[in-house]
There are 2 protein chains.
Amino acid sequence: MAVTIKDVAKMAGVSPSTVSRVLSGHPRISQKTASKVRTIMTELGYHPNMMAKSLVSKTTKSIGVILPKPAEELFLNTFFMELIRGIVSQANKSGYDIVISSGANEQEEVEAVGRLVHGGRIDGAVLLHSRQNDPVVEYLHNLDFPFVLVGRNEQYQDVLSVDTDNVQAAYDATRHLISFGHERIGFVSGPKNLIVSKDRMKGYKKAMHEAGLSTKSEWIVEDDFLQESGYRAMSFFMTLPERPTALVVIDDVVSFGVLRGLNELGYKVPEDLCIVSFNNNAVSELYSPPLSSVDIGIYHLGYVASQALIQAIQGDDKSLFCKRHIIPHRLMVRQSSMHNVMRTT
Amino acid sequence: MAVTIKDVAKMAGVSPSTVSRVLSGHPRISQKTASKVRTIMTELGYHPNMMAKSLVSKTTKSIGVILPKPAEELFLNTFFMELIRGIVSQANKSGYDIVISSGANEQEEVEAVGRLVHGGRIDGAVLLHSRQNDPVVEYLHNLDFPFVLVGRNEQYQDVLSVDTDNVQAAYDATRHLISFGHERIGFVSGPKNLIVSKDRMKGYKKAMHEAGLSTKSEWIVEDDFLQESGYRAMSFFMTLPERPTALVVIDDVVSFGVLRGLNELGYKVPEDLCIVSFNNNAVSELYSPPLSSVDIGIYHLGYVASQALIQAIQGDDKSLFCKRHIIPHRLMVRQSSMHNVMRTT
DNA sequence: CTGAAAGCGCTTACAG
DNA sequence: CTGAAAGCGCTTACAG
C-alpha cells in the first residue's frame with residue numbers, strides 16, 4: 001500500500017491537516033513543522049494521491065486533447081505531432097498533464113470529450129484544428145467549459161483561440177510568386193471543411209486581385225486532395241491551354257505529391273512550374289528541389305494554446321485575457337520558387 | 001453542480017448502493033430497478049465521477065505515455081505519431097484514456113513517470129522506444145509497475161514488449177540488395193544508444209557475412225546521423241576508392257537527407273547508388289525516386305502494445321501472457337533499389 | 001434483490 | 001500555528 005498523508009502525520013507527530021497544509025504551502029505553518037514534515041515525506045517516499053486531491057478540489061490538473069482521425073488529413077501527421085509536442089511541453093511546465101482521446105468521426109469526438117468533461121477528468125480542452133460547424137466547439141461552448149481552439153471558429157468569434165494569420169500567410173506566399181513575374185498562379189487547397197483551406201484561399205485570391213491578375217477556376221483544386229492524386233492533378237493542370245506557371249499549395253506534403261506528378265510527366269521545378277506551400281515540414285528542405293514554404297511555428301502554436309488555456313482555467317476574470325492569439329509566420333524561400341518569369345504583358 | 005449518484009438514487013427511490021450496482025452491471029439487480037435507474041440517469045444526464053471511482057477502486061482506466069524529446073530523434077516524428085495513434089485507438093476501444101507526459105532528458109522522464117505512477121494517475125505505461133540502459137525501464141521494473149516496451153530491453157529480457165524483428169528486417173533489406181548483384185553495401189545507422197540501430201546493424205552484417213561479402217568500416221556511418229549531414233556523408237562515401245554501390249539506411253527520413261546529398265553531388269539513384277531503408281514513411285512513395293522501404297506496421301505496433309498492456313493490467317495471472325510480441329514487417333520494393341549491378345566476381 | 005455504513009486519501013472551514 | 005470533523009462521489013463487504 002502506498003504511503004498516505006496519515007502515515008506522514010503519525011510519523012511526524014502532527015495531524016493530517018497539517019501535513020496537507022505544508023503540502024499546499026499554506027502560509028500559517030511554522031518553519032519547524034514544515035521542514036520536519038517535509039523530511040518525513042521524502043523519508044517515507046510520500047506522493048500525494050492525485051485522485052483524492054482531484055475529488056475534493058474539483059480540479060484535475062490535466063487538459064484534454066482529441067486526436068483527429070487520420071483519414072481526412074493524413075498529410076498533416078507531422079503538424080499534429082509538433083502541435084502536441086508544444087502543448088505537452090508547456091502544460092508539463094505548468095504542472096498539467098495531457099489526456100488524449102480520439103473519435104472515429106465527429107459524433108464520436110463529441111462523445112469522447114463528453115466522457116472526459118463529465119467524468120471530471122480534465123479542466124480544459126484544446127481542439128487541434130478548426131472545421132466548419134464543428135460539433136465539438138458547439139458542445140463545449142454550450143457547456144461553458146474552458147477550451148482553446150487552434151485556428152478559429154466562424155460561429156463563435158469570441159472563442160479562445162490561437163491561430164496563424166492564414167489570409168496573410170497565403171497572401172505573402174502568392175505575392176512572392178507574383179514578384180517573380182508569375183501571372184498565372186494556381187492554388188491547390190485542402191479539405192473544404194477546414195477553415196485553414198478557406199483562409200488561405202482568401203489570401204491567395206486577395207493577392208491575385210490586388211495585382212490585377214485573374215484566378216481562373218480551373219487553376220484551383222479543392223477538396224480532399226491527397227498526395228496520391230498529385231499525378232492526376234498535374235496532368236490536368238499542365239495540359240490546360242493557359243496553364244499556371246506557379247502554384248500555391250496548402251501543405252508541404254501535398255506538394256510532395258504534386259512534385260511527384262510533375263516529375264513523372266517530365267516537368268522541372270522551378271523551371272517549368274514554381275511552387276510554394278505551407279507548414280515547413282522537416283522534409284521540405286531536403287527535397288529535390290528544396291521546397292519554399294511558409295513556416296507557421298507549429299510547436300509555438302501548441303505552446304501558446306496550452307498557455308492560454310491554462311491561464312483561462314486558473315484566471316478569475318476570464319474577460320481580461322486576450323481571446324485570440326496570432327502566431328507570426330515566415331516564408332522560407334527555397335529553390336522550388338526561385339525562377340524568374342518574363343512578364344508577357 | 002454535477003449530478004451525482006445520490007441525486008439519481010433519490011429520484012429513483014433507491015439507495016446509492018443500488019445505483020452504483022446498476023452502473024457496474026452487478027448481476028443481482030432486478031431488471032425493473034435497473035431499467036428504472038437507467039432511465040433516471042439519462043434523464044438527469046448523469047455521468048459517473050471518474051476521480052471518485054478511481055479513488056476507491058484504485059484503478060484509473062488510463063495509461064501513460066512518455067513523449068521522447070525531439071532532439072535525438074527528430075526524424076522519427078511520424079513514427080511516434082503513428083505509434084500514439086495506434087495506442088490511443090486500441091486504448092479507447094478498451095475504455096482507457098491516454099495520459100501523455102514528457103521530459104527534456106532521461107532524468108526528467110523518470111520524474112515524469114514517477115509523478116504519474118505515484119500520483120495514481122495511470123494503471124500502466126508504454127515506452128515508445130528502446131535505449132540501452134534505459135533508466136525508465138529500470139525504474140518501472142523495480143517498482144513492478146505494469147508497462148510495455150516498444151522494442152526490447154537488454155537487461156530485462158522478460159519485460160513485456162512489442163517489437164519488429166529488426167535483425168530479420170535488416171537482413172531482408174540487405175538480401176534484397178545482394179540479390180540485385182551488389183557486393184559493396186553500406187549501412188547508415190541512427191543513434192548508437194537505440195536498440196533498433198544495433199539490431200538492424202546486426203541483420204545487415206549477418207546478410208553480408210552469409211553472402212561472403214565483407215563490410216568495411218568506412219561503409220558504415222553510425223551515431224546521430226541527421227538528415228542535414230546527408231551531403232557530407234555522401235561526399236565522403238562516394239569518393240571512397242571502393243565506394244558502396246548500395247546503402248541500407250536506418251530510416252526513410254535519413255534517406256531523404258542522403259538523397260539530397262547525392263543529388264547535389266550529381267549522382268543518380270538507383271543508377272549510381274541503390275537505397276533501401278526502413279519505416280515506410282508516408283512521403284517515401286512520393287519521393288523521386290520512390291523509396292524502397294521496410295514497412296514495420298507502426299500503427300499496429302502501437303495497437304498491440306496497448307492491447308498487451310491492458311491485458312497485463314487486467315489479467316490475474318501475468319505469467320500466462322506472451323511476454324514478447326513480434327509484428328511482421330514487409331519490404332516495399334520501389335524504384336530506389338531497382339537497379340541490377342553486374343557481379344564482378 | 002437491496003440498504004446502511006464504512007472507507008478510499010485528501011482539503012477546508014471552524015475552533016481554539 | 002494546529003487539530004477535529006465533515007465531506008468530495010463513489011464502492012463494497014456485511015446484513016437482511
Side-chain angles (χ1 to χ4, degrees), chain A residues 1-38 40-41 44-62 95 115-123 314, chain B residues 1-38 40-41 44-62 95 115-123 314:
Chain A
M1 204 65 276
V3 16
T4 77
I5 216 173
K6 276 185 179 173
D7 303 319
V8 178
K10 190 173 300 172
M11 189 93 230
V14 297
S15 76
S17 332
T18 302
V19 177
S20 170
R21 282 194 263 256
V22 345
L23 218 47
S24 60
H26 191 104
R28 281 203 290 286
I29 287 284
S30 74
Q31 285 300 324
K32 196 159 44 146
T33 333
S35 69
K36 179 170 54 176
V37 169
R38 262 190 270 271
I40 307 281
M41 288 199 308
L44 257 45
Y46 170 76
H47 290 266
N49 180 312
M50 299 316 277
M51 296 305 153
K53 187 169 187 163
S54 291
L55 182 57
V56 29
S57 70
K58 258 90 186 74
T59 207
T60 61
K61 286 283 187 179
S62 35
R115 278 205 328 276
L116 294 180
V117 170
H118 288 116
R121 278 183 104 95
I122 56 175
D123 297 343
Q314 297 179 333
Chain B
M1 205 64 275
V3 16
T4 76
I5 217 172
K6 275 186 180 172
D7 302 320
V8 177
K10 192 173 298 172
M11 188 94 231
V14 297
S15 76
S17 330
T18 303
V19 177
S20 170
R21 282 194 262 256
V22 345
L23 217 49
S24 60
H26 190 105
R28 281 201 291 284
I29 288 285
S30 74
Q31 285 299 325
K32 199 162 37 153
T33 334
S35 70
K36 180 171 53 178
V37 169
R38 262 190 271 271
I40 307 281
M41 287 198 309
L44 258 45
Y46 169 75
H47 290 265
N49 180 312
M50 300 316 278
M51 297 305 154
K53 188 169 186 163
S54 290
L55 182 56
V56 30
S57 70
K58 257 89 188 74
T59 207
T60 61
K61 288 281 186 183
S62 36
R115 277 205 328 275
L116 294 180
V117 170
H118 288 116
R121 279 182 102 94
I122 56 174
D123 297 343
Q314 298 178 334

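These values consider heavy atoms only, across backbone and side chains, with no hydrogens, waters or symmetry-generated copies. Letters A, B, ... are given to chains in the order of the sequence lines, protein chains preceding strands, and every chain is numbered from 1.
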Which whole-number value in Å describes the distance from [X] [atom1] to [N] [atom2]?
X: A:Met51; N: C:dT11; atom1: CE; atom2: C1'; result: 17 Å
X: B:Lys36; N: C:dT2; atom1: NZ; atom2: P; result: 8 Å
X: B:Lys6; N: C:dG3; atom1: NZ; atom2: C1'; result: 14 Å
X: B:Asn49; N: C:dC10; atom1: CG; atom2: P; result: 17 Å
X: B:Met50; N: D:dC10; atom1: CE; atom2: P; result: 10 Å
X: B:Gln31; N: C:dT2; atom1: CD; atom2: P; result: 11 Å
X: B:Arg121; N: C:dG9; atom1: CZ; atom2: P; result: 17 Å
X: B:Lys58; N: C:dG7; atom1: NZ; atom2: P; result: 14 Å

Original post:
By side chain to side chain contact (heavy atoms under 4.5 Å, CB included), which residues pair with A:Lys6, not counting sequence neighbours?
Top reply: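 Per chain and number, A:Lys6 pairs via side chain to side chain contact (heavy atoms under 4.5 Å, CB included) with A:Thr4, A:Pro16.
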Subject >> Test side chain to side chain contact (heavy atoms under 4.5 Å, CB included) applied to A:Ser54 - qualifying residues, sequence neighbours left out >> reply: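 For A:Ser54, the residues satisfying side chain to side chain contact (heavy atoms under 4.5 Å, CB included) (neighbours in sequence not counted) are A:Thr60, B:Met51.
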Subject >> First encountered from the 5' end of DNA chain C, between A:Ser57 and B:Ala34 >> reply: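 Nearest nucleotide further toward 5': that of B:Ala34.
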Original post:
Mapping B:Gly13 and A:Ile5 onto DNA chain C by nearest heavy atom, which one lands closer to the 5' end?
Top reply: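 Between the two, 5'-proximity favours B:Gly13.
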**OP:** For DNA chain C, list all stems, counting runs of three or more consecutive pairs where every pair is Watson-Crick or G-U wobble with both distances under 3.5 Å.
**Re:**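 Paired runs of 3+ in DNA chain C: C:1-3 with D:14-16, C:5-12 with D:5-12, C:14-16 with D:1-3.
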Could you pull out all residues at least two apart from [X] that satisfy side-chain hydrogen bond (donor to acceptor under 3.5 Å, both in side chains)?
X: A:Thr18; answer: A:Ser15
X: A:Thr33; answer: A:Ser30
X: A:Thr59; answer: A:Asp123

**OP:** With sequence neighbours left out, write down each residue that passes salt bridge (Lys or Arg N to Asp or Glu O under 4.0 Å) with A:Arg21, or none if nothing qualifies.
**Re:**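 Checked A:Arg21 against salt bridge (Lys or Arg N to Asp or Glu O under 4.0 Å); zero matches.
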Original post:
To the side chain of B:Val14, which of C:dG9, D:dG9, C:dG3 is closest?
Top reply: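 Ranking C:dG9, D:dG9, C:dG3 by closest atom to the B:Val14 side chain puts C:dG3 first.
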Closer than 4.0 Å, any side-chain N/O of [X] to the OP1 or OP2 of [N]?
X: B:Lys32; N: C:dC1; answer: no
X: A:Lys53; N: D:dC8; answer: no
X: A:Thr4; N: C:dG9; answer: no

Subject >> A:Ser20 (side chain) donor-acceptor with A:Ile5 (main chain) under 3.5 angstrom >> reply: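 Not confirmed, A:Ser20 side chain does not pair with A:Ile5 backbone.
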Original post:
Looking only at atom C1', what distance separates C:dG16 and C:dT12, rounded to whole Å?
Top reply: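 Those two atoms are separated by 16 Å.
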Subject >> DNA chain D contacts among residues 16-25 of chain A, heavy-atom distance under 4.0 Å >> reply: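 When residues 16-25 of chain A is checked for heavy atoms under 4.0 Å from DNA chain D, the hits, listed by number, are A:Ser17, A:Thr18, A:Arg21.
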Subject >> A:Leu23 side chain reached by A:Met41 side chain, heavy atoms, under 4.5 Å >> reply: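 Contact flag for A:Met41/A:Leu23 side chains = yes.
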Original post:
Do B:Pro48 and A:His118 have side chains that get closer than 4.5 Å, going by heavy atoms?
Top reply: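 No, their side chains stay 4.5 Å or more apart.
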**OP:** Only counting residues at least two apart or in another chain, list the ones meeting ring pair (Phe, Tyr, Trp, His ring centres under 6.0 Å) with A:His26.
**Re:**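 By the ring pair (Phe, Tyr, Trp, His ring centres under 6.0 Å) rule, A:His26 matches no residue at all.
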**OP:** Assign A:Thr33 to base, sugar-phosphate, or nothing according to its heavy-atom contacts below 4.0 angstrom with the strands shown.
**Re:**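 Sugar-phosphate contact only.
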